[in-house]
Each structure stands twice: as C-alpha cells, then as structure tokens.
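Report on one structure; see the data block that follows.
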Amino acid sequence: MAHEVEVNIPRPARRRRQGWATAALLAPAYGWLLLAVFLPLCAMLFFSFLKTSPLPGRPLFYTVNNYLAFINRPYLFDVAWTSIRIGLWTTGLCAVIGLPAALALARATSGRSKHVLFLLIILPFWTNGLVRVFSWTMVLREGGLLDYALHLVIPGAPAFSLLYSFPAIIIGLVHAYLPYMILTCYLSASAIEDGYVEAARSLGARTPVVFWKILLPLSLPGLISGSILIFVPVIGSFMEPRILGGRIGVTMGTVIEDQFTAAFNWPLGAALSFIMLAVVLVIFAASARVLRAGGALQ
Amino acid sequence: MTYQITRRRFTAALGGAAIAGAWARPGFADAKEIIVLNWKGYGTDEAFALKAFADKTGITVKHDYFNSEPEMLTKLRTNPGAYDVVLINSARIQQAESEGLIDPIDFAKVPNSAGLAPALKNHANLTVDGKAYGLSWLWGMNSLTVRKGIAADSWSIFTDPKYAGRLALFDDAVTEIGIGALLTGQDINDPKDLKAIVDKLKAMKPNVKLTWSSEDEWNKAFAANAFDISVYWSGAVVRSIHVSKLPAEFIIPKEGAIGWLDSLAVPTSSTKKDDALKFIDYMIDPTFYLTWANESGAPASANQAAMAKLPADDLNRQIHKEDYLSKLQFMSALPDDRRQAFNDAWEEVKAFYAK
C-alpha cells in the first residue's frame, strides 16, 4: 500500500509529460466530438435566433420569438406532458422488467448460459429501429399476430387491436430501450458481494427482505443511470409515437420533426430542441446529486 | 507494372487532348443539349423518352434535380443560363415571373398545346397579364377516399358519429386547412377565418384514428382495416386500387376538392429556348404519355388528347375526369407568414387530437 502511494505522487516534469500524453490520447475523441457534434449544435443555436429558415441570397432577421414558443403556443404544454408521461411509463416499465432480469443474470447464471442470455438481451440493438417498429405494427394491429393468437384461444372474441394507442407506443419504446436498463443494472448487480446475501440469509431474512434491504439499494446507481439513459431519449422520440401512436402520437419529438421536415421552420425546431436540452440538463444536474448521495450511502 | 506519370508525359498528353478537342469541335457544334430541372424520377428523365426524343430531334437532355420548391427557385436565381426547362408547380409560377426568372410560353411553338384542357391551359395560377408563363403538364387532386360500399358526397362525413374512430387524416398542414376551408365555405389559399377552420378540424377528434404521411403508410393501414375514410391523392388511389387491389373509392364531395397543377417553364436566361419548347412539346405528346402511364404509372396529363389515348376503362382516366376541374380549388402560392399560420394551426389541432 505504502509503495503504491509513493508511485502515485509523481515529480512535476513527469506529471507534465503525463498530461501531454493524456491530451494526445483524448484528442481524437474530443476533436471528433467538436467536429461532429459541437459545431453543428452551434449552427443550430444560431438558427434558433432567426426569423425564417436560412436560404442563400436571403437577408437574415434575428428574433428571440422562437424561445417564447410555449407562451405563444399553449398547446405545447399538453404535448410536453404527453412526452413526459411516455417517458415515465417507459422508464418505469424498463425498471420493473430490467432490474429483476439484471439480478438474475448477475447472480443466478454462469458460464456459457450467461453469454447466450446476454446475447439475447443485446439482440434488439442489432435490428434497425424502423424494422423493429414496423414489426410491432404487424403484431399489434387488427388481424395481427396478437389478434390471431387471441382468437385461437377464444374463438368468439371480438377483433382486438392495440395499434394506434398509448400502450402501443409504450410497448415499442420499452422494447427498444430495455437493454440499456438491463446492462446498467447488471453492472451494479454483479458488484454485489455474495457475502451480504449469505449474511442476511443466515440472520433469517427471506427473499423479499433480501431484495428490499440489500439488492435494491445496492443496485440503485445502476437503476438511476439506466433511467437517465432511457428517459432522456424517450421524451425526444418521434418514430415510435408517430408509427405506433396514430392520433395519440404527438410528442415534442414529432413537433420538432415537423418543423424540420414539413413546416420548413428550422428556427422554431432548433429553439424547441434547445428548450428540451435545457430541461434535460436540469434533470442531469438533479440526478447527479442523487447519484452522489447514492454513492455516499454505499 | 507501374506507369510513372512524369511532368513531360503529362504535358504531352494534355496537349494531345487539347488538339483532339479542337479537332472534334465542329462536330460538337451540331450536337444540341438542354438541361432540365425537375424532381428526380418525375417523367422528364424516363430513359425511353430521352432516347426517343434524341432520335427524333437530335437534342440530348441532361438533368439537375431539386428537393423542394424553395430550392428550385434558388437554383434558378443563382445559376442564370444553366437551365433550359424547369418544372414549376402552378402555385409558384407568379412568384418566379415576378422575379423575372421565366419567359411567357409561345404556344405557336408547342403544337401539342392544342390538346390542353382549356381550364388548365390558361389557368389563373399560370398567367400574368393574360400571358401564360408555364405550360400545364400534369395535375391531380387531394380528395375524399372511402372504403367501397360507404356512400358519401360531403366532407361532413369526417364528423359523422357513425364513423367514430374510422377516419385517417393526411399529416399536411396545407391539405388539412384546405379541407377545413372547404367545409366552412372559404378560399383554401386565403381563408379569412382560420379559427372557424381550427374548430371544424377539432370537431373531427372522435373520428380520427391516425394521421398518415406516406402512400405506403396509407395502404398498410387501409389494408389492415384501421380506417374507412380518409383524404387521399388521386394518383395514389389509382395505384392502391390497381396495384394493391384495395377496395377504395375516390369521391369529389359537393363542397369541392383540392387540386394541384405542375407546369413546365422556360427560364429567361436559357440560351436554347426553341429546343426547350421542343422538349416541352414532346412532354405533352400523347404517345409519350401513353407509354409513361402504362410502364411506370403517371399522374393525369393536362393534355386531353393524351388522356383520350388511355383506354376508356383506364382507372387513371376515370378518376381524373375533366368535369371535376371546375369543382377544384387549386393550391396557390402562400406567403411565408400564412404558411406559418397554417402550420401552427395544424400543429395545434394535432396536439388537441392527442390529448
């Protein structure tokens, strides 16, 4: 231990050289981010202050009106609430399904079977999102697989269709984002020492108690980071709501998409995106505090 | 084996090419070439047509494409002399004319123009001071489409409680505001009472099942029995019935329907205007239209003679009846602020549907 501490206190010159090496190693990643993310984002920020979409040869007019979108268009509050509701349902269901799955993978499987099960979880990642969503339309629609299966069991049942409904959107999104929850929870769950559970059992704790008092608190960091990873993209999602939701599927994501693809109003689309980005950053700041507190608990 | 390109060899090759080029020059002067600006895959670039046209006239046709109407106008503004024929929706003709981008059409140089439907040849959207600046080429309608067996003659079927949850709307602000305008007896291009339109559209909520945005989506949902009533494109209906065998029926309601008209124009800056008009003449030629309609499927031709070439029971011909023309309100140019107001109104209606 003492030896390690000695090595970890480098001389100034050595520290400087290490700093350069770190910078050089990080440069490709940060350079790429700067070029591919930060610069386009800056352009969008600039667009969000324009009156009309930029066209070559047309004078530019500046305005902050786009940022007053929620005041000028009160219906956006309803849209935002729909997005948040979709986000909460998806995240909640992913947590309810994902955490037990992660615990089971980490604690009850080993060797080859673990690898196979892991592969099955990551599989949805490998399918194209559009294909995945359209597959769901074939399952959920009237006369689809679900309807067919239902009529095999109860021949006289009325036609059954979930397509173009709120549950359809949630089903599509949970399917798409569940792997995030399982993977982050798995990391936390696999770090839990067997000794804790054995100690609890030897003191007479039953399975529910072991789960509530030991497994759940210790998996909390994974659960929270998984939730953020899911909630943030889901409130901006537009493909699943549009294809599976029918008239229900109007979210912040689809409104922004409309501004870019149908209304030719890039400035409004950009401003709405930045308003959402601000909300997301607030969520991040709040959850960082919770995460730190969770870490302290450990 | 490697072949080293030395500077001397390169210069020699360049000189040789220059001489060859100069020698070939007289031959090139005879070869005529025009450049057409259009949407990709929209008639003017059919391979069979370009070959037939070149065989007939010795004029070769090159293409440039645009992805939106503003882009088309920008290309005309910033590349004077680059284009000889351009496709312009009738709604944009007057804007292009006011900027001095296009010439009036000399019908005397377009023999096939004799067959154009009178209602389209001198359509108000195409003319300025009595002169037509675009030659009407293709047209179509956005109108009521229902499942076979449903009787309807009015857009008010969109709020009929009998069809609760059986309606699909086209996710397009201009079309939906247009339907609201037809229902409230207003001009689709310049409605005075947008609030009344929004209320009309909101009243459809119990009936609305989904909003669709592509032909593919419409066909899939209709085939899966997700809805019975919708607004749809005339050209797409022909394909849905003909190719996908869907039990659909296209109706022009008593309030009227929405029409669109595409025209071909000659830019003021073109240096080959006569060749350009020859090509435009070929584009409304009945023989060309017949092949195009049969092999790839085409919208309705503005040329009556071309439509008459189709068999009498041809679906395209049945759906695009000439007597419908008087019942249509054609889409006109929208100023930026009105277009924005339409988009805002439609976005608000959609949010109301989702609530």
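Residue numbers start from 1 in every chain, and the chains themselves are labelled A, B, ... in the order their sequence lines are given, proteins ahead of strands.
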Crowding at CZ, A:Phe38 (>12 non-hydrogen neighbours, <6.0 Å)
no
When the 4.5 angstrom heavy-atom criterion is applied to B:Lys220 and chain A, the contacting part is side chain
In short, B:Ala354 meets A:Val250 closest at the heavy-atom pair CB-CB, 3.7 Å
Whether over 12 other heavy atoms sit under 6.0 Å from A:Phe238 CZ: no
Among A:Val255, A:Leu268, A:Thr254, A:Thr82, the residue with the most heavy-atom pairs under 4.5 Å to chain B is A:Val255
Notebook entry, point to check: Just wondering, more than 12 heavy atoms not from B:Lys245 lying within 6.0 Å of its NZ?
Noted result: yes
Check your understanding: Mind checking whether A:Asp258 and B:Lys350 have side chains closer than 4.5 Å, heavy atoms only?
Key -> yes
- prompt: Hey, is CH2 on A:Trp266 packed in by over 12 heavy atoms from elsewhere, all under 6.0 Å?
  reply: no
Q.
Is it true that, when you exclude A:Trp89 itself, more than 12 heavy atoms of the residues, nucleotides or ligands shown sit nearer than 6.0 Å to its CH2?
A. no
Under 4.5 Å to a heavy atom of chain B? For A:Phe166 that would be neither
Interface check, chain A: of B:Leu210, B:Asp171, B:Asp172, most non-hydrogen pairs under 4.5 Å belong to B:Leu210
Heavy atoms from other residues, nucleotides or ligands near OH of A:Tyr148 exceed 12 (cutoff 6.0 Å): no
Scored by heavy-atom pairs under 4.5 Å with chain B, the best of A:Asp78, A:Asn72, A:Thr251 is A:Asp78
So do A:Gln259 and B:Glu347 actually touch side chain to side chain, heavy atoms under 4.5 Å? yes
Donor-acceptor pair, A:Arg247 side chain versus B:Thr211 backbone, under 3.5 Å?
no
### Message
Using a 6.0 Å cut-off, check whether atom CZ of B:Phe330 has over 12 heavy atoms from anything other than its own residue.
### Response
yes
| query | Any chance NZ of A:Lys51 has more than 12 other-residue heavy atoms, nucleotides or ligands included, within less than 6.0 Å? | reply | no
Exercise for review: Could you go through the side-chain contact (heavy atoms from CB on, under 4.5 Å) check for A:Asn265 and B:Arg339 one step at a time?
Suggested key: CA-CA 10 Å; A:Asn265 194 347; B:Arg339 188 176 288 274; over 6 Å; no
- Item | Distance under 6.0 Å and angle within 45° of ring axis: B:Lys355 vs A:Tyr75 | no
If one checks every heavy atom of B:Ala173 against chain A at 4.5 Å, the contacting part turns out to be neither
Honestly, the part of B:Asp344 sitting under 4.5 Å from a heavy atom of chain A is both
Here the gap from A:Ser161 atom OG to B:Lys209 atom NZ, rounded to the nearest 0.5 Å, amounts to 5.0 Å
Closest non-hydrogen atoms of A:Arg242 and B:Glu217, given as atom of the first, atom of the second and distance, are O-OE2, 4.5 Å
